Each structure stands twice: as structure tokens, then as C-alpha cells.
Peer 1: 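Structure incoming, see below.
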Amino acid sequence: MPSLKDLRNRIASVKATQKITKAMQMVAAAKLRRAQMAAEAARPYTERMERVVSNLAGGMSGGSDNPLLSGTGKDQVHLLVVCTAERGLCGAFNSSIVRLAKERINQLQAGGKTVKIFCVGKKGYEQLKRQYEKLIVEQMEFRAVKQISFNEAEQVGRRIREMFAEGQFDVATLFYSRFKSVIAQIPTAQQIIPLVVPAVAGNSDVSYDYEPEQEDLLADILPRNISVQVFRALLENAASEQGSRMSAMDNATRNAGDMIKKQTQKYNRTRQAMITKELIEIISGAEAL
Amino acid sequence: MTTFHFELVSPARLLFEGPVESVVLPGVEGDMTVMANHAALMTSLRPGVVTIADGKASKRLYVRGGFADINASGLTILAEQATPVEDLNPEIIAAEMKNAEEDLRDAKTDEARRLAAEKLGQMTDLMAALRN
């Protein structure tokens, strides 16, 4: 039986926690709005980029020699670019991305492939390190960055291209969480090298003129497309993280409320019991006299 | 005059969308003016100024690292960086240029040197674009 003081302390500590989770939820809500706007503002660019690339690649007769599009001709070494958050306390956000990546790693390893991991973000690195430390070849963190800009994506993109140019891998897949709504974030795997070109809708028979030559243009646009895809992944991730944190903190606040209610009830009952006990003692003492 | 659909997008946002009469863009193989019913063409852009005319007013934007895709549905410019020319101040750019030059001289690591060189290149392009 806990004493009254214990109960009081416990209630106070839960209340303090509730204040923190409440504040975190509100901060996440404010950040979410900004992150969501950034993600939505970047969508036109990525969409049009996709269309331009598919127009360009679709207009290519006999396929392209560009390795970013056609691949190295092998399927042996896989690079998994796992993008996660820098901070925790955001529900299942980080672990769901990591889980998806782990599934892919196991599947690839069972198929006899070599797997390399490129971690973007601290939390994914920490979780993957436990099991796959030897596979992690590269790691980047953007902890100091408040708002993800194209520069960060370009850093990641450049490193991926360098590694590809050095022949360190054959296939690259990007892992991130797609932001669908505040309550739904979908962990997604997207292959970026070699690029999977979506079928051109309808106008594939348009004959384009190219300045400079088609191959040169592709050699210019494909590397940039990688950075753009990374950029999109990072922005979607930022929005998903805040959404996920918001609902996690909302849950935590509600749980704390329930707990406070239960503890307060217990506290009151115990207090009443003690008062009754004392009264009985006094009365029976008086009667004995 | 007939108009056509024009879009200018950068990774940060959609800068322009709507019908225009003509657009002058700095292609790698020379400047060109695009009007309605232009032949399908795809070109990469060198850093420079894009001029948009919609009949009444004209708008000038500095773009860097981009592509133009001209097809039956209109013209789309994808630029890594795009800023309205009015927002650019030659003095600030000159100061930034000087800064970048100093950074380049003092750079100790390869990464810092690369960043400074990139910055300097950007500023030099900007100056050149503003002059004409």
C-alpha cells in the first residue's frame, strides 16, 4: 500500500510528463504544417522532372548507354539508402522504415547478393548498427539543419553518384516514409539506380529536337534526377516525422490524463480511508473512557 | 497574339504558371525565344536570365542549372535555382563574390575549397547575367 506522499509524488510526476508531451505535440503540429507545405511545394518539380525524364528516355530509340538508366548490367551489389529522422519520440516512424529495410536486406542476402547500407539520419543508423554494422558503408546526419533544402539532398546525391562511379554498387534503392496524412505514413522503397522509367502517357510518338545531343542531355539530367529524388524523400520524411510525432504525443498526453485520473481516485480513496480510520480510533478511545 | 502554357519550377516551389506570349531562355547553344506552337524541343540551360512576356508586362528571372521541355502542352522550365532579377542586388553579389574568393584562399579542407569554388562560380555567373 503506497503512502499518501508516494501517491502525491506520482501524480505530480505524471503531470509534469503530460506537460512535456503536450508541448511536444503542439510543436510538432506547428512544424508539421511547415514541413507539409515544403513537401507540397516541391511536388511540382519532382513531378515535372519525372515527366521530362520519361519523355527523354522514352524518345530514345534502342535504349540508352547511360549506366544511370541502363544499369551496370549486373545485379550483385545493392546499396540501400535508408533515410530516417534525427530524433526519436515519434512513434513507429523510424522503426517502420528500418523494418522495411531489414526485410529487404534479409531477402537480398538470402538471394546471395551483397548488401551495402548508406544511412541518412541518426536514428536509422543507431537501429541498423546493432545488427548490420559491417554493412554500413556511409552515414550522413543533418542534425543541425532546421529546414531541409536542396543542398542537403545534393550532398547525399553527390555521394551516391561518386560511389556509383567508383563501381561500389549496381543497384541503389531509397528508403523513406511517404506522407499520406497525419495518421498515415507509408514506408516506401524506391529504386533510383538504374532508374525505373514510368511508361510515357500517350505522347511517346512526339519527335523531339535535342540541344545538346540526347545522350549529353541525359548525362546531364539523370544525375540531377537522383538528387531530386533524394530531396523528395527527405521532404516527405520530414513531414511524416512530424505527423507521426504529433499523433504519438497526442496518445501519450491522453494516456497520461487517464493515469492521472486513476491515481487521483486512488489518492482520494486512501485519504478518506485514513480519515475514517482516525475517527474510529478517536471514537473508540472516547467510548473506552 | 496566341498564348501558350508556361511553367517555371524550382525544387523549392512553383514560381510561375500560366499563359504567356513569349519566353526568352538561355539555352546551352544560344538564347532562344519560344512562342506558341513551337516545335518539340528539349534543351539544357546555362545560367542566365529568362524573360517572360504575357502581352502586358515582362518578367525577368535568373535561373541556374536547368532544363527546358517544349512540347505540345507548353513549355516547362526546371531550374535548380530561380530568383526574380529585381531581388538581386549587384552590390551584395559583389560583396559575396569577394567573400567567396577569400574563403577559397583560406580553405583548409577539400570540402571547404569545393564549396567556396562553387559559390564563387555561382556569383560570377550571376554578375555576368546581370550585366547584359
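Since we're looking at a predicted model, the values are computed, not measured. All values below were derived from every heavy atom in this structure, side-chain atoms included, with hydrogens, water molecules and symmetry-related copies excluded. Residue numbers begin at 1 in each chain, while the letters A, B, ... track the order of the sequences.
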Peer 1: Other residues, nucleotides and ligands only: do more than 12 of their heavy atoms fall within 6.0 Å of NZ on A:Lys31?
Peer 2: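 No - once you tally the heavy atoms of other residues, nucleotides and ligands closer than 6.0 Å, there are 12 at most.
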Peer 1: Contact part of A:Val52 toward chain B, heavy-atom cut-off under 4.5 Å: side chain, backbone, both or neither?
Peer 2: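 Interface part for A:Val52: both.
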Peer 1: Most heavy-atom pairs under 4.5 angstrom with chain B, which of A:Ala38, A:Pro212, A:Ala153?
Peer 2: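 The option with the most such pairs is A:Pro212.
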Peer 1: Does any heavy atom of chain B fall under 4.5 Å from the side chain of A:Arg232, the backbone, both, or neither of them?
Peer 2: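 Answer is neither: A:Arg232 stays 4.5 Å or more from chain B.
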Peer 1: So for atom CG, which belongs to B:Asn37, do other residues, nucleotides or ligands contribute more than 12 heavy atoms lying within a distance under 6.0 Å?
Peer 2: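 No.
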Peer 1: Report the C-alpha distance between B:Asp69 and A:Arg51 in whole Å, list the side-chain angles of each, state the deciding distance to 0.1 Å, and finish with yes or no for side-chain contact (heavy atoms from CB on, under 4.5 Å).
Peer 2: CA-CA 10 Å; B:Asp69 176 10; A:Arg51 212 162 57 203; 5.7 Å; no
Peer 1: Roughly how far, to the nearest 0.5 Å, is CG of A:Leu217 from OG of B:Ser44?
Peer 2: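 Rounded to the nearest 0.5 Å, the OG-CG separation comes out at 5.0 Å.
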Peer 1: For A:Arg224 and B:Phe67: C-alpha separation, side-chain torsions, deciding distance, then whether side-chain contact (heavy atoms from CB on, under 4.5 Å) applies.
Peer 2: CA-CA 11 Å; A:Arg224 209 165 295 180; B:Phe67 300 93; 3.8 Å; yes
Peer 1: Is it the backbone or the side chain of B:Ala79 that comes under 4.5 Å from a heavy atom of chain A, or both, or neither?
Peer 2: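 For B:Ala79, backbone heavy atoms alone lie under 4.5 Å from chain A.
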Peer 1: Output the option from B:Gln81, B:Met42, B:Arg13 having the highest count of non-hydrogen pairs under 4.5 Å with chain A.
Peer 2: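 Going by pairs under 4.5 Å, I would pick B:Met42.
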Peer 1: Ignoring hydrogens, what is the shortest heavy-atom contact between A:Phe150 and B:Glu80? Give both atom names and the distance.
Peer 2: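 Closest pair (atom of A:Phe150, atom of B:Glu80, distance): CE2-CG, 3.4 Å.
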Peer 1: Taking ring pair (Phe, Tyr, Trp, His ring centres under 6.0 Å) as the test, write out the residues that go with A:Tyr125, two or more places apart.
Peer 2: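 With neighbours one apart ignored, the set is empty.
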Peer 1: Which atom names give the shortest non-hydrogen contact between A:Tyr210 and B:Leu41, and what distance separates them?
Peer 2: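 That closest heavy-atom pairing would be N-CD1, 4.2 Å.
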Peer 1: Measuring from atom CG of B:Leu78 to atom CD1 of A:Ile221, what distance do you get when rounded to the nearest 0.5 angstrom?
Peer 2: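 One finds 6.5 Å between CG of B:Leu78 and CD1 of A:Ile221.
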Peer 1: Do you know which of B:Val9, B:Leu14, B:Ile70 has the most heavy-atom pairs under 4.5 Å to chain A?
Peer 2: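 Of the candidates given, the most pairs with chain A belong to B:Val9.
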Peer 1: So if I take each residue of residues 16-34 of chain B and look for any heavy atom under 4.5 Å from a heavy atom in chain A, which residues do I end up with?
Peer 2: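 At a heavy-atom separation under 4.5 Å, chain A is reached by B:Glu17, B:Val28, B:Glu29, B:Met32.
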Peer 1: Rounded to the nearest 0.5 Å, what separation is found between the OH atom of A:Tyr45 and the OG1 atom of B:Thr76?
Peer 2: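 So the gap between those two atoms works out to 12.0 Å.
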